[in-house]
Number of protein chains: 2
Amino acid sequence: MLKLSRLTDYAVAALVRLSAAEGVETSPGIAAAIGVPEPTVAKVLKLLAGQGLVSSTRGARGGYRLGRPLASINVAEIITAIDGPIALTSCVEGATGMCESQTLCPVAGRWDPVNAAIRTALENITLADMAQSSMPRGLRLNEVA
Amino acid sequence: MLKLSRLTDYAVAALVRLSAAEGVETSPGIAAAIGVPEPTVAKVLKLLAGQGLVSSTRGARGGYRLGRPLASINVAEIITAIDGPIALTSCVEGATGMCESQTLCPVAGRWDPVNAAIRTALENITLADMAQSSMPRGLRLNEVA
DNA sequence: CGTAATCAGGACCTAAACCGTCCTGTTAAC
DNA sequence: GTTAACAGGACGGTTTAGGTCCTGATTACG
């Protein structure tokens, strides 16, 4: 259904929350703030830390801190951090031998332009755009398209 | 993983095939042409027919015919026909009572601009664009973005 | 008029992916 | 030394999509 994973949703919530906190916040603290079970939030934060979107401090009184300002984080980065590279995974996945009927299949690498288009669209939306709940939809669209 | 369903892939293959056939072609015929099991192809074609992307003729010597030229069919239409409306289905799905912590959850309708951006990106790619296997990638991208 | 071919529409089952949890190890403050 | 927190991986339950099949309706052809 072209859906993104729920974890990505949590990631956005966590990042926005971290931005509001303006400092170090622990995983349990964030979990309580956004209303999501702690282990799940921890998992998301680990993934985000792996991509440098948040920086972590270990030990007591440690926690997570926003790696960059919201305006410089785009949606594509978050999705990539959580779900892996953005690709519509039809035949393109490098599945060896999966498509032995390549002579028949006329859809060889044809989704590539679609993938690219989606990627650029997502790269042009920053977390700062999503953070404003007022959401001036029509206006923002023209920036993207 | 932001992936689209495999059925959508089949749909594109079937439509391109129908365009090449330039006339009526049966469901088994298309299945053989694109190398996909017949029942699955039949399912896809029914979905496409429901949205008017292909027109069907029943009875013996019947079959499917392309509803419109490839250039006037965009990717968003196909995805919508197969997978339903394009929406990243986080909280937005109208799930009543699913998000009882709305006061906490700061991700209310925030994915809407993202959905819209993806939708417009997909609407700007036609099947004719996908049909050319040469795929001048960088050029086409600028048309979209 | 009957038979065969084809689409229409739904029900069903299997399989895979995701979500969420837990466990163990490492680091740093008190 | 103890406690609080992140790091990283492994595991099971649930959901969703993919694929198949069956029955009915429609039309060409003999």
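What you are looking at is a predicted structure, and each value in this text was computed from that prediction instead of being measured. Sequence lines set the chain letters: A, B, ... in the order given, protein chains first and strands last, and positions in each chain run from 1.
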Does Asn115(A) reach the side chain of Asp112(A), with side-chain heavy atoms less than 4.5 Å apart? yes
Does any part of the side chain of Val114(A), heavy atoms only, come nearer than 4.5 Å to the side chain of Met130(B), both counted from C-beta? yes
Specify the separation, in whole Å, of atom CG of Leu47(A) and atom P of dC18(C). 12 Å
Taken to the nearest whole Å, CD/Glu25(B) to C1'/dC7(C) is 15 Å
Would you kindly give the CG-to-P distance between Leu45(A) and dG8(D), to the nearest whole Å? 13 Å
Is there side-chain contact between Ile78(A) and Leu127(A), with at least one heavy-atom pair below 4.5 Å? yes
Any side-chain heavy atom of Val44(B) within less than 4.5 Å of one from Val41(B)? no
What is the distance from CG of Leu4(A) to P of dA17(C), rounded to the nearest Å? 18 Å
Near-strand residues of residues 49-65 of chain B, defined as heavy-atom separation under 4.0 angstrom from DNA chain D: Arg58(B), Gly59(B), Ala60(B), Arg61(B)
Can you tell me which nucleotide in dC19(C), dT6(C), dA5(D) comes closest to the side chain of Ser5(A)? dC19(C)
Any donor and acceptor pair, going by atom type alone, linking the side chain of Ser19(B) with main-chain N or O of Leu15(B) inside 3.5 Å? no
Check nucleotides 20-23 of chain C for protein N or O atoms closer than 3.5 Å to its own N or O atoms and list the pairs.
| residue | atom | partner | partner atom | Å |
| --- | --- | --- | --- | --- |
| dG20(C) | OP1 | Arg6(A) | NH1 | 3.3 |
| dG20(C) | OP1 | Tyr10(A) | OH | 3.1 |
| dG20(C) | N7 | Lys43(A) | NZ | 3.1 |
| dG20(C) | O6 | Lys43(A) | NZ | 2.7 |
| dT21(C) | OP2 | Thr40(A) | OG1 | 3.1 |

Under 4.5 Å between any side-chain heavy atoms of Val75(B) and Trp111(A), yes or no? yes
Between Asp129(A) and Thr126(A), is there a donor-acceptor pair closer than 3.5 Å when you use the side chain of the first and the backbone of the second? yes
Could you tell me whether the side chain of Arg119(B) and the main chain of Ile86(B) form a donor-acceptor pair under 3.5 Å? yes
Length of the line joining Lys3(A):NZ and dC18(C):P, which is rounded to integer Å: 9 Å
